[in-house]
*Asks:* 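Starting off with a structure, shown below.
Per chain, numbering begins at 1; letters A, B, ... match sequence-line order.
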Amino acid sequence: MKTHPMKLVTIICEALAREHLLALFAEVGVHGYTLFPVEGAGSQGRRPGDIAEFGNIQVEVVAAPALATVLMERLQAEFFPRFALIVYESDVRVLRPSKF
Amino acid sequence: MKTHPMKLVTIICEALAREHLLALFAEVGVHGYTLFPVEGAGSQGRRPGDIAEFGNIQVEVVAAPALATVLMERLQAEFFPRFALIVYESDVRVLRPSKF
Amino acid sequence: MKTHPMKLVTIICEALAREHLLALFAEVGVHGYTLFPVEGAGSQGRRPGDIAEFGNIQVEVVAAPALATVLMERLQAEFFPRFALIVYESDVRVLRPSKF
Amino acid sequence: MQPDLLHAIQANLLSPAVLFFVLGVIASLSKSDLKFPEALYVTLTIYLLTAIGFKGGVALSQAGFEAVWRPGLAAIVLGTLIPLWSYPVLRFVGKLSVADSAAIAAHYGSVSAVTFIAATNFLKQVNEPFESYATAFLAVMESPAILVGIMLGKRGGKREGSLWGGGTRRALHEAAFGRSVLLLVGALIIGALSGKRGMDMTEGFFVTPFQGVLALFLLEMGMVASRRLEDLKRVGLFLLCFGIAAPLVHGFIGVALGHWAGLSLGGATLLGVLAASASYIAAPAAMRLSLPEASPTLYLTSALAITFPFNITVGIPIYYALARWWNS
Amino acid sequence: MQPDLLHAIQANLLSPAVLFFVLGVIASLSKSDLKFPEALYVTLTIYLLTAIGFKGGVALSQAGFEAVWRPGLAAIVLGTLIPLWSYPVLRFVGKLSVADSAAIAAHYGSVSAVTFIAATNFLKQVNEPFESYATAFLAVMESPAILVGIMLGKRGGKREGSLWGGGTRRALHEAAFGRSVLLLVGALIIGALSGKRGMDMTEGFFVTPFQGVLALFLLEMGMVASRRLEDLKRVGLFLLCFGIAAPLVHGFIGVALGHWAGLSLGGATLLGVLAASASYIAAPAAMRLSLPEASPTLYLTSALAITFPFNITVGIPIYYALARWWNS
Amino acid sequence: MQPDLLHAIQANLLSPAVLFFVLGVIASLSKSDLKFPEALYVTLTIYLLTAIGFKGGVALSQAGFEAVWRPGLAAIVLGTLIPLWSYPVLRFVGKLSVADSAAIAAHYGSVSAVTFIAATNFLKQVNEPFESYATAFLAVMESPAILVGIMLGKRGGKREGSLWGGGTRRALHEAAFGRSVLLLVGALIIGALSGKRGMDMTEGFFVTPFQGVLALFLLEMGMVASRRLEDLKRVGLFLLCFGIAAPLVHGFIGVALGHWAGLSLGGATLLGVLAASASYIAAPAAMRLSLPEASPTLYLTSALAITFPFNITVGIPIYYALARWWNS
Ligand SMILES: Nc1ncnc2c1ncn2[C@@H]1O[C@H](COP(=O)(O)O)[C@@H](O)[C@H]1O
Ligand SMILES: Nc1ncnc2c1ncn2[C@@H]1O[C@H](COP(=O)(O)O)[C@@H](O)[C@H]1O
Ligand SMILES: Nc1ncnc2c1ncn2[C@@H]1O[C@H](COP(=O)(O)O)[C@@H](O)[C@H]1O
Ligand code: NA
Ligand code: NA
Ligand code: NA
């Protein structure tokens, strides 16, 4: 079984940023993502998640390293000033690299 | 504190595959898993997640490397031709290895 | 783009442990976390997730290595004897380290 | 009859339920942020199926089994036959693959509970009485066509591997204990057992809010159906025509059969609606698992984005007009 | 009296609520894919608790506090005593551990709101009047037994560490502000304050659909309870007998006490039902946190898979028959 | 008038809806584990908006458009003007930043549907008739103030980057197709099209349980609002006063305008309530996206933790008293 190294970019942010996030994905060429409704707490207080508009989402993107870097740079430049969000990256190995 | 290296296998697939997935787990000897209802988009379009049958799930399995490999091989051989799914693997370190 | 190595601690446990978990976070100085309602199965049977009190949660904490170790040691000492839970750790690289 | 038909169509289009369906379509096309949570969708489904089943069961307990078996048998036969004649049309006229033809045939032989409920709504609105136990026909028509479709589609293909054997066993299990059959048949039996007394107790829940709940559900269905609209160009002209011609033909046959089986004008309309409707929940799920090589784009788009809206808006009044014309 | 009892049992078994419970059991045993979303479960719970609380409060405002304090006190005393005599039975006859005995004792001293609601349903069905303010007894009986159970179980064990101190303080907080107590007592007070006028405004929500909602909820409870059935063999014969004998004994005591406290035939039945019922939400959660060494398999299975179905199906008519026999 | 006002306030405080709101506050302050699932929150919102819209539409179809355009225009003008005079007060008296002033001004010009619904509840309780089509004013008042607020706030700031252009276009889209506007206006039109006949069909859903559903929703709103209470000290004394003075002033103007536009006593009260209420869903979402530099703590706390509870408890009876005084 052959696996292929990729980056997993994880974004946790207020649910309101959703449309902008998806627009960014389209712009930089991210074609797949997975989205979780989550509760959370951070520097901007607790987000209990009973009102979707005030809630949190976690979005995960598997992407080739170069694309992951582009995505994270855009997030840093354009989303950090506007939204409550945190972003991190980790290493994964995928089956079927053609899908990414 | 001692931690023990394990593999985390992540499977994102259409919710309809659920029963087959659990059957596969039983066959290969995976005894624990965690399942998230998710929304997502990929090569097979957007899955908005308001109708469970047409929705997405993410399933995560922590397993010893050998078992993880068996699981992924079966997924590759039997699930890729049938379902919309992506699979990836990453490294984790667990407490209490006896549980896996 | 500069990223900063951190630890991601993942805790999967019965939902009843929630308040105790948040209390532990406060005690050891974890200020941010993300919480997912999940279904699952493990050594203590299946948790179908239709009754919140009998359900499962997954909680993820991004923290500096030292803090992650403290958190995991406390979990091992105080939570393992009481609750159905599994804990693992992995490596991530964050943007904006000041948030953690 | 013409002015009658137009009048019936107009009455249908101006009913709250259909108007909420249109609102759902608009919400989706205008990219509104309106979204139903999954839990609400499931709740509405559970409610509608148990309510319609329960009411049908109470009616059954009053009508007696003798009144029902003949049209019930007709319904089962109809559900079994529709895929048998739809398959060759799809395969040889439409030039679709074996799996696609079988899957689509299964969808059109099976039924849509929501279409049925909308039809009972319509009949109430035009003050046309009908046999309330007709829900029993809905219950028995969901599965046969799915089983037939799987058998048609599997002739060519073969599955190996421990997980994929027993596909037919699984399909049979699903046919008997799948969510919608279980709720419908279960509530039907409960209604029959608890009878009028049970109805008196639960009327405030199963009857009073029923039509409003349907309206709310059709709002969601409008959004769900029109999300599929962008796939319309991918299904091709043939399937587009099939999605409208098939319900008309099946509706006609259903109405005739209903008439022949001794149903009232309203009851014959309902059997026509059942024949004309296409499943978009149970059948897709079954096909996805049993015939994974069939394309969901084809069967879901035709059942959900073509036939369902067609039936909800103009189909139902047409089958009603057919029933009236047949009766006169 | 025998034919009466049989008749009452039959009436109960044929009520929609109990039949939906059976359907839930069948759904679970047949491995149907029917599943209630968590949000629906929570919603139904919130609805049932506020509705029963509110109605009880309105009744309270009409009956006046003098009518209630005496049976209310009896209810509290009963809830406190049940674990005290159940504990030695479980510990010395059943040979269970300290923690297990204490935890199970707490469950049987506490109450099940759904069983209570099903009993009011049953009384309505057999046209037996009852004091609507009986909800107040339900409200005051949930917590005392849990506190007693925790104290019984903690005698042996010790906890250290900053997180685990204050267990009793936490239990007391939970006893006063836990979800179900808060909703019940809160709605009760709201009903008492807003009275008949408030009832007129909200009747269409809190009363009209109530019995149907209960039926739907019991469908889910049937699935939840029977998921525990596979643990039956693990609990052993003793607990199986206890799960049926305890409610019978407690039901008898409750009925007698209700009679003595001046309640009507229906009211005494309800006090019997409360005494006989075992908690399966509040008590398990409290035990899991305060007595983690007690086995959930034991207490959940006996309360949820044995006592709850027993009460729902034949227990309630039995306590009713007892109350009639006592009254005659 | 004084005793009248006190009496009205008392009647309001003792209505189930307001008492459930208080229960929600208590639940949150006592750190109870009571929690509404998100799906329930969304469901209740969808229900309340469609129900009020539908009823308004039916009323509109009976009153005719001529009766509505004049007060409707007054409502739109009011919504547009409120932010224009609120802004300088916030900016120069309150010394808030441009963005904060603009955002808060937008909140107070826009409206709260729940406050409006609670007011119709109150009017029903005191048997004061009102124009049911007043929902139309609610529908047209949500968006104008938000657009004005965005324009006020953007004068200073500048956005670059492909994602952030078209902010105004996006705001306009949201103003027309945002969830609450779409549901309200959609249901209004549906009600108008299906008229009395449609109402007869769906009354058991849109009318019968309505007031009870509102009570349940206010339980949740009590929890939501009081979660913000801890931020009260962060907003400062000025905003605290503004959160109470603004609704009083706007309520007075709304009542006067309603009177002038020919509305009945009840209708004028409702226009006053609309003017006095502050948006806490649509406006915050719009501000978060269009004016991210404005502080959510300031605008959410004042709208949700100060003005909303004030209006729900004593504001509504005050505007009613004002309308009576004006009429006399
Ligand atoms: N240290 C952390 N670990 C995991 N998740 C976090 C952490 N900090 C913040 N989050 C998540 O990110 C969201 C936004 O963070 P913040 O902007 O800091 O409020 C929070 O609501 C959490 O869901
Ligand atoms: N690049 C990706 N990153 C994260 N999740 C993905 C990605 N691609 C696909 N997915 C998830 O996997 C599901 C199935 O993918 P697909 O078969 O490509 O439609 C999608 O609905 C997403 O939830
Ligand atoms: N091997 C595993 N991989 C992923 N999740 C697991 C695994 N084992 C257990 N879990 C999760 O942890 C929860 C508690 O585990 P347990 O205490 O073993 O029942 C389960 O309900 C699962 O959600
Ligand atoms: Na059909
Ligand atoms: Na008890
Ligand atoms: Na306003």
Side-chain angles (χ1 to χ4, degrees), chain B residues 1-40 49 52-53 55-65 67-68 71 88-100, chain C residues 5-15 21 24 28 34-50 52 55-63 65-93:
Chain B
M1 186 198 58
K2 211 175 141 20
T3 58
H4 309 261
M6 289 270 172
K7 298 294 173 193
L8 173 68
V9 179
T10 302
I11 304 155
I12 314 173
C13 67
E14 52 188 315
L16 281 171
R18 179 192 186 119
E19 286 311 314
H20 288 99
L21 207 53
L22 300 192
L24 176 63
F25 289 172
E27 263 193 44
V28 301
V30 163
H31 297 303
Y33 65 86
T34 298
L35 185 153
F36 308 71
V38 297
E39 291 178 50
E53 282 92 345
N56 253 0
I57 52 177
Q58 172 160 330
V59 183
E60 297 183 357
V61 174
V62 178
L67 181 53
L71 175 61
Y88 58 84
E89 183 200 55
S90 59
D91 299 307
V92 298
R93 291 173 302 279
V94 305
L95 297 179
R96 282 213 292 193
S98 61
K99 293 209 70 167
F100 300 92
Chain C
M6 289 271 173
K7 299 294 171 192
L8 172 67
V9 179
T10 301
I11 303 156
I12 314 174
C13 66
E14 50 187 318
L21 207 54
L24 177 63
V28 301
T34 297
L35 186 154
F36 308 71
V38 297
E39 289 178 53
S43 58
Q44 315 212 7
R46 217 157 149 166
R47 306 185 162 269
D50 57 353
N56 253 359
I57 52 176
Q58 173 160 329
V59 183
E60 297 183 357
V61 173
V62 177
L67 181 53
T69 304
V70 171
L71 175 60
M72 289 174 77
E73 272 166 355
R74 293 284 304 262
L75 286 169
Q76 180 152 40
E78 297 173 36
F79 280 68
F80 276 157
R82 289 170 218 262
F83 296 109
L85 88 158
I86 73 170
V87 176
Y88 58 84
E89 183 201 57
S90 60
D91 299 308
V92 298
R93 291 174 302 279

*Asks:* Just wondering, are more than 12 heavy atoms of other shown residues or ligands nearer than 6.0 Å to NE2 in B:His31?
*Replies:*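 No.
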*Asks:* Calculate, to the nearest 0.5 Å, the distance between atoms CZ and CG belonging to B:Arg96 and C:Leu85 respectively.
*Replies:* 6.0 Å
*Asks:* Just give me the residue among B:Leu8, B:Val59, B:Thr3 that pairs up with chain C most often, heavy atom to heavy atom, under 4.5 Å.
*Replies:*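 Looking at each of B:Leu8, B:Val59, B:Thr3 in turn, B:Leu8 comes out on top.
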*Asks:* Examine whether an atom of B:Val30 lies under 4.5 Å from a heavy atom of chain C, and if so say whether it belongs to the side chain, the backbone or both; otherwise answer neither.
*Replies:* neither
*Asks:* Between B:Thr34 and chain C, with a heavy-atom cut-off of 4.5 Å, which part of the residue counts as in contact: side chain, backbone, both or neither?
*Replies:* both
*Asks:* Between atom NZ of C:Lys7 and atom CZ of B:Arg93, what is the distance when rounded to the nearest 0.5 Å?
*Replies:*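 Output value for this atom pair is 4.5 Å.
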*Asks:* For C:Ser90 and B:Asp91, work out which heavy atoms get closest and say how close.
*Replies:*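 Nearest heavy atoms, C:Ser90 then B:Asp91: CB-O, 3.6 Å.
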*Asks:* Quick one: what part of B:Phe100 sits under 4.5 Å from any heavy atom of chain C, side chain, backbone, both or neither?
*Replies:*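 Side chain only.
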*Asks:* Working to the nearest 0.5 Å, report the span between OH of C:Tyr88 and CE of B:Met6.
*Replies:* 12.5 Å
*Asks:* Just verifying a value: how many Å separate B:Glu60 CD and C:Phe36 CZ, rounded to the nearest 0.5 Å?
*Replies:*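 Rounded to the nearest 0.5 Å, the CD-CZ separation comes out at 8.0 Å.
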*Asks:* How close do B:Pro37 and C:Pro37 get, counting heavy atoms only, and between which atoms?
*Replies:*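 Taking every non-hydrogen atom into account, CD-O, 4.3 Å.
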*Asks:* Sort C:Glu73 into side chain, backbone, both or neither according to what part of it lies under 4.5 angstrom from a heavy atom of chain B.
*Replies:*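 It is both, since atoms from each part get that close.
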*Asks:* Examine whether an atom of B:Ile57 lies under 4.5 Å from a heavy atom of chain C, and if so say whether it belongs to the side chain, the backbone or both; otherwise answer neither.
*Replies:* neither
